[in-house]
Amino acid sequence: MSPHSVKGLYMKKLIFFFSGTGNSLRAARIISEALEGAELINVRNDPTECDAKDADVIGFVCPVYEWDIPGRMKEFMTELEINPDAYIFMVATYIAVHGKAFESAARILASKGARLSYARAVRCVASQCIAYPPFPPEKLMVPLMEKSMRKTASEIAGRRLRKYPHMSWITRSLFPTMMLPYLNVEHEYDKGFYTDTRCTGCGTCMRVCPTKNIVIENKKPMWTHKCHGCNACVVYCPAKAIQFKTPEAYVALGTPISRRLGLPEKRKRYHNPYIKARDLF
Ligand SMILES: Cc1cc2nc3c(=O)[nH]c(=O)nc-3n(C[C@H](O)[C@H](O)[C@H](O)COP(=O)(O)O)c2cc1C
């Protein structure tokens, strides 16, 4: 074992992750391995019970949602106590527009006297499988994702410094009209979910939900309107029993962006092929 490995073993390394369809957890796992076993902590947990005050390496890994980081990730980061002198990294998985994701994270860290040492956005398969089919096609995209996750992980293991990307002026100017209306009704997304006769009440949906939005009542899931629209409940249901119709609040917003962009109507339940439901519990 090299001296670097020995030093690595005695360092406290934590990675906090949010993941709906597994892409971000896959990235977090690859980074954890490169860091010789950083502890992975789901942001479903209570941040006040996580001790990052003496951590040497602290990572945040999550998807981009509506050109930002998910609300739960923001809440968690805000409440978490950290060592501001740690090597802090942020990896966001996304499809095309990262928007203000890194700016939001940097702002929260700045309020704690900390800053991002390294940031990178990693392109992945789209997880809005309810709105449109996973794209780019999994077969093509998954090997590319693996490659860029490994590159990112090796840069982080080497403690590389990398400035975070800012929101482009065009995205900034489109945000109020294109994203804000969706963000305002996001919590109601779960009004579109319902179960069919295949539901056994097994509770997998409740356990994979990153916002703890689901409770099981009379052996059926009930969504409690703290939804981020991550689709974990749909794609990890072992019986494929969770279905979706567009909720009223979204219908009221007019033609969905997916249709405006001419994306095909065909749906598929995508989740990262390396991540199983149990990994998210
Ligand atoms: C509700 C929702 C909103 C999303 N918004 C964006 C976005 O604004 N920009 C983007 O590039 N990708 C967006 N995506 C795609 C995800 O960021 C991407 O597929 C990510 O890898 C999913 O990570 P996960 O598998 O860990 O949940 C969105 C996905 C969902 C479900």
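Whatever order the structure lists ligands and atoms in, that order sets their numbers, starting from 1. Just so you know, these numbers come straight off a predicted model, no measurement behind them. The figures that follow rest on heavy atoms only: side chains count, while hydrogens, waters and symmetry mates do not. One is the number of the first residue; the rest follow in order along the sequence.
Within the model, atoms SG of Cys62 and CD1 of Ile69 stand 5.5 Å from one another, a figure rounded to the nearest 0.5 Å. Atom CD1 of Ile31 sits about 4.0 Å away from atom CD1 of Ile156, to the nearest 0.5 Å.
Within the listing of ligand 1, atoms 17 (O), 20 (C), 21 (O), 22 (C), 23 (O) sit less than 4.0 angstrom from a heavy atom of Thr93. The Ala96 neighbourhood of ligand 1 comprises atoms 10 (C), 11 (O), with distances under 4.0 Å to a heavy atom of that residue. Within ligand 1, counting atoms from 1 as listed, the ones closer than 4.0 Å to a heavy atom of Gly229 are 1 (C), 31 (C). Numbered from 1 in the order shown, with element, the atoms of ligand 1 that lie under 4.0 Å from a heavy atom of Ala126 read 19 (O). Atom numbering of ligand 1 starts at 1 in the shown order; those under 4.0 Å from a heavy atom of Ser19 are 24 (P), 26 (O), 27 (O). Set against the non-hydrogen atoms of Pro63, the atoms of ligand 1 under 4.0 Å away are 17 (O), 20 (C), 22 (C), 23 (O), 27 (O). Every atom of ligand 1 is numbered from 1 in the order shown, and the set under 4.0 Å from a heavy atom of Gly20 is 24 (P), 26 (O), 27 (O). The Ser24 neighbourhood of ligand 1 comprises atoms 23 (O), 24 (P), 26 (O), with distances under 4.0 Å to a heavy atom of that residue.
By the rule that hydrophobic residues join a cluster once side-chain heavy atoms approach within less than 4.5 Å of another member, Val122 and Val64 end up as members of separate clusters.
For atom 8 (O) of ligand 1, the nearest protein heavy atom (residue, atom name, distance) is Trp67 N, 2.7 Å. At the shortest separation from atom 2 (C) of ligand 1 among protein heavy atoms lies Tyr65 CD2, 3.4 Å. The protein non-hydrogen atom at the shortest distance from atom 22 (C) of ligand 1 is Ser127 OG, 3.4 Å. Of all protein heavy atoms, the one lying nearest to atom 15 (C) of ligand 1 is Gln128 OE1, 3.5 Å. When only non-hydrogen protein atoms are considered, atom 25 (O) of ligand 1 lies nearest to Thr21 OG1, 2.4 Å.
Of the candidates Val97, Asn23, Asn231, it is Val97 that places a heavy atom closest to atom 9 (N) of ligand 1.
Contacts with ligand 1 closer than 4.0 Å are made by backbone heavy atoms (N, CA, C, O) of His228 only, the side chain lying farther away. Residue-level proximity to ligand 1 for Val125 is carried by the backbone, the only part with a heavy atom below 4.0 angstrom.
Aromatic ring centres of His187 and Tyr189: separated by at least 6.0 Å.
Checked for salt-bridge contact, Asp279 and Arg29 meet the test: a charged N lies under 4.0 Å from a carboxylate O. The existence of a salt bridge linking Lys74 and Asp68 is confirmed by a sub-4.0 Å separation between a basic side-chain nitrogen and an acidic carboxylate oxygen. A salt bridge is defined here as a Lys NZ or Arg NE, NH1 or NH2 lying under 4.0 Å from an Asp or Glu carboxylate O, and Glu103 with Arg172 meets this definition. Contact check on Arg120 versus Glu155 returns a salt bridge, with a Lys/Arg side-chain nitrogen under 4.0 Å from an Asp/Glu carboxylate oxygen. By the 4.0 Å N-to-carboxylate-O rule, Lys12 lies too far from Asp56 to be salt-bridged with it. Between Arg26 and Glu146 there is a salt bridge, with a side-chain nitrogen of the basic residue lying less than 4.0 Å from a carboxylate oxygen of the acidic one.
Polar contact check, Cys124 against ligand 1: no nitrogen or oxygen pair lies under 3.5 Å apart. Considering backbone and side-chain N/O of Val64, one or more are found under 3.5 Å from N/O of ligand 1. Residue Glu66 places at least one N or O, backbone or side chain, under 3.5 Å from an N or O of ligand 1. Considering both main-chain and side-chain atoms, Cys230 never comes within under 3.5 Å of ligand 1 through any nitrogen or oxygen pair. Looking at Ile95 next to ligand 1, an N or O pair under 3.5 Å apart turns up.
Between Trp67 and Phe175, the angle of the ring planes lies from 30° to 60°, which puts this pair in the tilted group.
Using a 4.0 Å heavy-atom cutoff, Gly99 is absent from the residues neighbouring ligand 1.
Annotation: cation-pi pair Arg72/Phe18 absent, no NZ/CZ under 6.0 Å from the ring centroid and within 45° of its normal.
Across every non-hydrogen atom of Val125 and Asn23, the tightest pair is O-ND2, 3.1 Å.
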